[in-house]
Amino acid sequence: MYPMAPLIRTALNGMVRVAPGPAGRWAFHLFVRPLGRAKVKPGEQAVLAAARTGTLRVRGKEVVTYAWGDGRRPVLLVHGWSSRASRLGAFAEELLARGYSPVAFDGPGHGESSGRATNIVEYREIIRQLHARHGDFEAVVAHSFGVLASLFALRDGVRTARFVGLGGVGSFAMLMEGFRAGLGLDDRVVRAMRGYVEGHLAPGEPGIWDRFGADHAPEELGAPVLLFHDEGDDMVPLAQARFLARAHGGRARLVVTRGLGHRRILTDPEVVAEAVEFATAGSGLATEPAVGTRQGVSPTGW
């Protein structure tokens, strides 16, 4: 993941002993940098071309936004890490066909937006601004890191009637542990990074680090939740979906797919149809089972 991992490990593990502040800042800037900028796929071009594009500014960065439809019954689409809004194009098309108005954005450092990095606090600010612009969402449909970031925003003033998560991250601690273990960092580096986040990224919000995880005050969401996760997901383990489902209790239903992996789940016709059916339904989950499992259309994971 990091070609210079041995050098980074040596430098950060040494620096944190004598200068924890700079070590925490450097580690944070590594953590929030996407691994490349995803390009539009041929199959996404038509739906992207049909969108009305706009911009908003977050912490000095220009964020490109997309909107379809007449503005009534908005549904927010939130992409994951090192991804872009167009990856959720299949959901935009299906929602638009049903008379809903999809809304999406490219996070900073992603797609057509400016910047080289972003973080969960910036995602929250983007979602807040889109909420102010479009009103309460009929549903939020999010993928991967977008699930964690959306739930953070939805517990902090943004309102939606329903929530759909695909291949979602639920535990911020899992992200941090993957980052720490991947580079072989000392635990003191993570503590220094936490200090930097709390002191500089969100200085007016004590304890914000503990609020990043989706298990923090899940009752504040107050909306039914539908989760999709592939058993062969090689990016986010299925355990994360089970973690999310437990956190949200009786309001949540988990559908486990096979053969769709972390990315192909976004274009599987059955997943898209079921997710949109839920997102546009007026009722909750009272008559549905807690967990479902079915075979996906793709023969192998991706």
Side-chain angles (χ1 to χ4, degrees), residues 1 30-49 51 53 55-56 58 61-68 75-95 102-127 130 140-153 163-170 172 174-175 178-179 182 214 227-230 232-237 240-241 244 257 260-268 271-272 275 298 301-302:
M1 184 178 294
L30 282 174
F31 180 63
V32 299
R33 188 163 181 172
L35 303 174
R37 192 179 286 262
K39 297 180 179 180
V40 179
K41 294 181 178 181
E44 301 166 352
Q45 291 174 350
V47 67
L48 206 59
T53 59
T55 59
L56 54 82
V58 171
K61 301 171 186 176
E62 187 174 88
V63 176
V64 176
T65 64
Y66 306 90
W68 296 262
V75 175
L76 178 66
L77 309 177
V78 184
H79 70 75
W81 199 250
S82 297
S83 186
R84 59 182 301 141
S86 59
R87 295 293 186 267
L88 291 154
F91 295 91
E93 290 179 318
E94 185 65 22
L95 287 161
V103 177
F105 65 92
D106 290 333
H110 295 75
E112 305 305 314
S113 294
S114 70
R116 302 175 68 183
T118 191
N119 56 70
I120 192 170
V121 174
E122 289 184 348
Y123 261 61
R124 179 183 64 175
E125 179 57 30
I126 294 165
I127 294 170
L130 290 173
V140 173
V141 179
H143 178 232
S144 194
F145 169 76
V147 171
L148 186 71
S150 296
L151 289 171
F152 178 52
F163 182 81
V164 178
L166 303 118
V169 176
F172 184 70
M174 184 208 76
L175 292 182
F179 175 71
L227 304 168
F228 294 89
H229 211 107
D230 195 79
D233 191 320
D234 63 343
M235 298 294 294
V236 180
Q240 285 294 293
L244 277 167
T257 64
L260 299 178
H262 187 64
R263 299 178 181 88
R264 200 168 288 142
I265 200 169
L266 295 178
T267 56
D268 175 65
V271 171
V272 173
S298 178
W302 181 24

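Quick caveat, the model's predicted, so the values are computed rather than measured.
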- [ ] Using the side chain to side chain contact (heavy atoms under 4.5 Å, CB included) rule, take L244 and L151 through it: C-alpha gap first, then chi angles, then the decisive distance, then the call.
- [x] CA-CA 10 Å; L244 277 167; L151 289 171; 3.7 Å; yes

- [ ] List the steps and the verdict of side chain to side chain contact (heavy atoms under 4.5 Å, CB included) for T257 and D268.
- [x] CA-CA 10 Å; T257 64; D268 175 65; 5.8 Å; no

Open item on the list: Using modelled atom types and a 3.5 Å cut-off, is there a donor and acceptor pairing between side-chain atoms of D230 and backbone atoms of H262?
Closed with: no

TODO: Identify the two heavy atoms, one from G80 and one from S144, that lie closest to each other, and give their separation to 0.1 Å.
DONE: CA-CB, 4.1 Å

Open item on the list: For the CZ atom of R87 and the CG atom of L48, what is their distance to the nearest 0.5 Å?
Closed with: 10.5 Å

- [ ] Would you mind reporting whether L175 and F31 have side-chain heavy atoms less than 4.5 Å apart?
- [x] yes

Open item on the list: Just checking F152 against F172, ring centres under 6.0 Å apart?
Closed with: no

Open item on the list: Given 3.5 Å as the limit, does a donor-acceptor pair link the side chain of S86 with the main chain of V40, or not?
Closed with: no

Open item on the list: I'd like to know if the side chain of K61 and the backbone of G107 have a donor-acceptor N/O pair within less than 3.5 Å.
Closed with: no

Open item on the list: Taking V64's backbone N and O only, do any of them form a donor-acceptor pair with S113's side chain (distance below 3.5 Å, no angle check)?
Closed with: yes

Open item on the list: Are the side chains of K41 and T267 in contact, using a 4.5 Å heavy-atom criterion?
Closed with: no

- [ ] Give a yes or no on whether the backbone of L95 and the side-chain of W68 come within a donor-acceptor separation of less than 3.5 Å.
- [x] no

TODO: To the nearest 0.5 Å, tell me how far L35 CG sits from W81 CH2.
DONE: 8.5 Å

Task: Considering all heavy atoms, the nearest L77-P102 contact - done: CD1-CB, 4.1 Å

Open item on the list: For a 4.5 angstrom cut-off between non-hydrogen side-chain atoms, does V236 reach V147?
Closed with: no

Open item on the list: Which residue in the set V103, V47, D106 passes side chain to side chain contact (heavy atoms under 4.5 Å, CB included) when paired with Y66?
Closed with: D106

- [ ] Could you list the residues that satisfy side-chain hydrogen bond (donor to acceptor under 3.5 Å, both in side chains) with E125, not counting sequence neighbours?
- [x] Q129

Task: Closest heavy-atom pair and its distance - T65, L56 - done: CG2-CD2, 3.7 Å

Task: Where I127 and A153 come nearest, the two heavy atoms and their spacing - done: CG2-CB, 3.9 Å

Open item on the list: Using side-chain heavy atoms (C-beta onward) and a distance below 4.5 Å, is I126 in contact with V78?
Closed with: no

Open item on the list: Is any side-chain heavy atom of V58 closer than 4.5 Å to one of Y123?
Closed with: no

Task: Donor-acceptor under 3.5 Å (Q240 side chain, G170 main chain) - done: yes

TODO: Taking T55 for its side chain and E62 for its backbone only, find out whether a donor-acceptor pair lies under 3.5 Å.
DONE: no

TODO: Just say parallel, tilted or perpendicular for the rings of H110 and H79, cut-offs at 30° and 60°.
DONE: tilted

TODO: Considering non-hydrogen atoms only, spot the tightest contact between A117 and P108 and give its length.
DONE: O-CB, 3.5 Å

Task: Check: V32 main-chain N/O paired with N119 side-chain donor or acceptor under 3.5 Å - done: no

Open item on the list: Show the nearest heavy-atom pair for residues D233 and M235, with the distance to one decimal.
Closed with: OD1-N, 2.8 Å

Open item on the list: Working to the nearest 0.5 angstrom, can you tell me the gap between S150 OG and R124 CZ?
Closed with: 13.0 Å

Task: Flag, side chain of R116 to backbone of G109, donor-acceptor distance under 3.5 Å - done: no

